Amino acid sequence: MLTQQGRVRRIDRTDRTDRAGRADPALATDREHATGRGPGIYWMSRDQRPFDNWALAFAQELALAQKRPLWTVFCLAPGYPRANRRHYEFMLRGLSLTGRLLAGQNIPLVLLTGRPPDELAAFCAAKDAAFVVADFDPLRHKQAWLDEAARRIGAPLYEVDAHNVVPCRLASDKQEFAARTIRPKIQRLLPEYLTPFPEPEPHPFLSPDAPSAPDWRAAAAYPQAANEPGPVPGFEPGPLAAAKALEDFIAHRLDGYASRRNDPAPDGQSGLSPYFHFGQLAPQRAALDVMAAKTGSAEDKAAFLEELIIRRELSDNFCLHQPDYDALSGGPAWGLAELAAHAGDKRPFLYDFEVFEGANTHSALWNAAQRQLAVTGKMHGYMRMYWAKKILEWSESPQAAFETALTLNDRYSLDGRDPNGFTGVHWSITGLHDRPWTPRPVYGKIRYMNERGCRRKFDVAAYIAAQDAARTR
DNA sequence: ATCGGCTCGCGCAA
DNA sequence: TGCGCGAAGCCGAT
C-alpha cells in the first residue's frame with residue numbers, strides 16, 4: 001500500500017483507466033487507502049482556474065471516491081524568481097476571483113505564504129491531509145518544490161499536467177530538436193486528449209472546520225521592491241475575464257488570423273497569453289472553442305492551433321528537459337558555436353542594459369517595441385523576435401544580450417517567467433528550434449532579421465506612432 | 001510579386 | 001546511408 005510515498009506520482013489522463021477501461025491498479029489502491037483523515041488537497045500553482053482544470057478534476061475524483069472534503073491551497077512564495085508588482089497584482093486579483101468561484105463549488109481556497117514545500121508540509125500535517133494533487137510546471141524550482149514536498153508530506157502527492165493538451169511528459173521523454181520533431185508526437189495523441197472538459201460539480205463533502213476566505217488585502221500588501229513596473233491598467237484578470245477575452249477573439253479576430261498574425265497592429269494577436277501564463281484560461285479550452293467556432297477559415301484555425309498547441313508544448317518540453325533553459329548555455333550546440341565564432345565581430349551599435357530598458361537606442365522601431373512591452377505588459381509575437389535579435393546585434397556579447405532580453409521580458413511582460421519566454425529568447429538569440437541561414441556578422445548562421453523585413457510586413461510608422469500615443473496617454 | 005539559395009541535423013525510408 | 005525538410009527571413013535575380 002502506498003508504495004509511491006515519498007515520490008511524486010505522475011498522473012496523466014490515461015492513468016485513470018487503461019484501454020480496456022479498467023482502473024489503474026496502483027491508483028485504485030491509493031483511492032481506497034488514503035491514510036489521512038482530513039481533506040484532500042489540490043495544490044494550485046500554475047493553473048489558477050476553478051474549471052477546465054484536469055488537476056482539480058483529478059483531485060475531486062479522488063476526494064469523491066474517498067468521500068471526503070476537497071480544499072485548494074495556493075502558496076505565495078516570497079522572493080519568487082523575478083516576480084514583481086505587475087505580476088502579483090494581476091495574479092492576486094485573478095486568484096481572488098478563482099477563490100470565490102471555488103467556494104461556490106464547496107471547495108475552499110486557502111492562501112499560504114512562505115516557501116511552498118515548508119508551508120505545504122506543515123499545512124498537510126496540521127490538517128491530516130489525505131492526498132495532494134499538484135499541477136505540472138516544467139520550471140526547475142517548481143519541480144524541486146514538488147519533489148521536496150513529496151518527500152516531506154506523509155500523504156501521496158500526484159502531479160497532473162493541467163496546462164498542456166497532451167501532457168508534457170507523455171508527448172516526449174527527451175528534449176525535442178524542433179517543432180517538426182514534436183509535432184507528429186503531439187498530433188498522434190490529440191484525438192485521445194483534445195476532449196471536452198467535465199462540467200464542474202459542487203463538491204458534496206464539506207469540512208466541519210472549513211477555512212475562512214483568504215485575506216486578499218493582506219496578500220496584496222506583500223513586500224515589494226522599489227521601482228518595479230506597476231499594474232497594467234485596463235487589463236482585467238480572472239477566469240471569467242479570460243473566457244470573455246477568448247470569446248471576443250473568436251468573434252472578432254479569428255477571421256483572418258492566419259494572414260494578420262505577423263502584423264503587430266493591435267487586432268492581429270489573440271492577446272490571451274497572460275491568461276494562459278497564470279492558468280486563468282486553459283489552452284485546451286481555447287483549442288476546443290476555436291475548433292467549434294463558426295468564424296475563421298480552416299487556415300485561420302490551423303494557424304492558431306499550431307501556435308497554441310505545438311509551439312506552446314514545445315516550450316514546456318524545452319524547459320523540462322534542458323536544465324539551462326534560462327541561460328545562454330542552454331542553446332543548441334550549432335548556435336552556440338556560431339555565436340562563439342562571431343564573438344569578436346564588430347557591433348554596429350553598442351548599448352548596455354539601461355539604454356535598452358529606457359528605450360533609448362537609435363532605432364525608433366526598436367524603442368517602440370520596448371515601450372509597448374513596458375507600458376502594456378505585452379509585445380506582439382513578430383516584434384518579440386525582431387526585438388530580441390537586435391538586442392543580440394547591439395550588445396557587447398551574446399551573454400549580455402541573453403541576460404538583457406530575458407530580464408526585460410521577465411520584468412515587463414505579464415507572461416514573463418514563462419516557458420514561452422525562455423524559449424522565445426533562445427529562438428531569437430541561440431537559434432533554438434530553428435535552422436542555420438546565410439552567415440552574417442555577429443549572428444553567424446543564426447537567423448537574421450532587420451527593419452526592412454518589418455517594413456515589408458506592416459506599417460512601421462503607424463506602429464511607432466501607436467506606441468508613442470500609448471506612452472503619453 | 002515570386003523564387004531559389006543559404007545551411008545543419010533529425011528522423012524515416014531503404 | 002541517403003534524403004527530405006524545417007518556428008515566423010534575407011537577398012538578389014527574374
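Remember, predicted model here, so these are calculated numbers, not experimental data.
For the pair A:H87/A:F278, a side-chain contact is recorded, criterion being any heavy-atom separation below 4.5 Å from C-beta on.
Between the NE2 atom of A:H433 and the P atom of B:dT7 there is a distance of 23 Å, given to the nearest Å. Between the CZ atom of A:R456 and the P atom of C:dA8 there is a distance of 14 Å, rounded to whole Å. For the pair A:W387 CH2 and C:dG9 C1', the computed distance is 20 Å after rounding to whole Å. Going from atom OH of A:Y386 over to atom P of C:dG9 covers 14 Å, rounded to whole Å. In this structure, A:R455 atom CZ and C:dC11 atom P are separated by 13 Å, rounded to whole Å. Rounding to whole angstrom units, CD of residue A:Q175 and P of B:dC10 are separated by 11 Å. Atom CG in A:L432 sits roughly 14 Å away from atom C1' in B:dC8 (whole-Å rounding). Rounded to an integer number of Å, the gap from CH2 of A:W437 to P of B:dC6 is 12 Å.
Between A:F318 and A:H426, the distance separating the two ring centers is shorter than 6.0 angstrom. A distance below 6.0 Å separates the ring centres of A:Y325 and A:F422. Residues A:Y42 and A:F58 keep their aromatic ring centres 6.0 Å or farther apart. Taking the ring centroids of A:F349 and A:H362, they lie under the 6.0 Å cut-off.
Salt bridge status for A:D52 with A:R285: present, with a side-chain N to carboxylate O gap under 4.0 Å. A salt bridge between A:R384 and A:D415 is present, with a side-chain N of the basic residue lying under 4.0 Å from a carboxylate O of the acidic one.
A:R447 has a side-chain polar atom (N or O) that falls below the 4.0 Å cut-off from OP1 or OP2 of C:dA8. Note on A:K445: every side-chain N or O is 4.0 Å or more away from OP1 and OP2 of B:dC6. Proximity of A:K389 to the phosphate of C:dA8: no side-chain N or O atom is located under 4.0 Å from OP1 or OP2. Applying the 4.0 Å criterion to OP1 and OP2 of C:dC11, one finds that A:R452 has a side-chain N or O inside that range. Regarding contacts with the backbone of C:dG9, every side-chain N or O of A:N450 stays at 4.0 angstrom or more from both OP1 and OP2. For the pair A:R183 and C:dA7, the criterion of a side-chain N or O lying under 4.0 Å from OP1 or OP2 is met. Remark: A:R435 is not in phosphate contact with B:dC6, judged by side-chain N or O atoms under 4.0 Å from OP1 or OP2.
Straight-line distance between the P atoms of B:dT2 and C:dA7: roughly 22 Å, to the nearest whole Å. C:dG12 and B:dT7: their P atoms are spaced 15 Å apart (whole Å). A distance of about 13 Å separates the P atoms of C:dC5 and B:dG4, rounded to the whole Å.
At a threshold of 4.0 angstrom between heavy atoms, the contacts of A:K174 are confined to the sugar-phosphate backbone, with no base atom among them. Backbone-only engagement by A:P439 is indicated by non-hydrogen atom pairs under 4.0 Å involving sugar-phosphate atoms exclusively. At a threshold of 4.0 angstrom between heavy atoms, the contacts of A:R384 with the nucleic acid are absent.
Nucleotide B:dT7 is matched to nothing when pairs are restricted to Watson-Crick or G-U wobble geometry with both distances under 3.5 angstrom. The nucleotide C:dA8 finds no pairing partner, because no Watson-Crick or G-U wobble arrangement with both distances shorter than 3.5 Å includes it.
Candidate nucleotides B:dC8, B:dC10, C:dC10 were compared by shortest atom distance to the side chain of A:M449, and C:dC10 ranks first. Considering only the side chain of A:R180, C:dC5 comes nearest among C:dA8, C:dC10, C:dC5. Candidate nucleotides C:dG9, C:dA7, B:dC8 were compared by shortest atom distance to the side chain of A:W427, and C:dA7 ranks first. Looking at the side chain of A:Y448, the nearest of the listed nucleotides C:dC11, B:dC6, C:dA7 is C:dC11.
Taken to the nearest 0.5 Å, the CD atom of A:E307 stands 11.5 Å off from the CG atom of A:L272.
For residues 337-347 of chain A, proximity to DNA chain B is found at no residue, defined as any non-hydrogen atom under 4.0 angstrom from a strand atom.
Atom CD of A:E247 has 12 or fewer heavy atoms from other residues, nucleotides or ligands within 6.0 Å.
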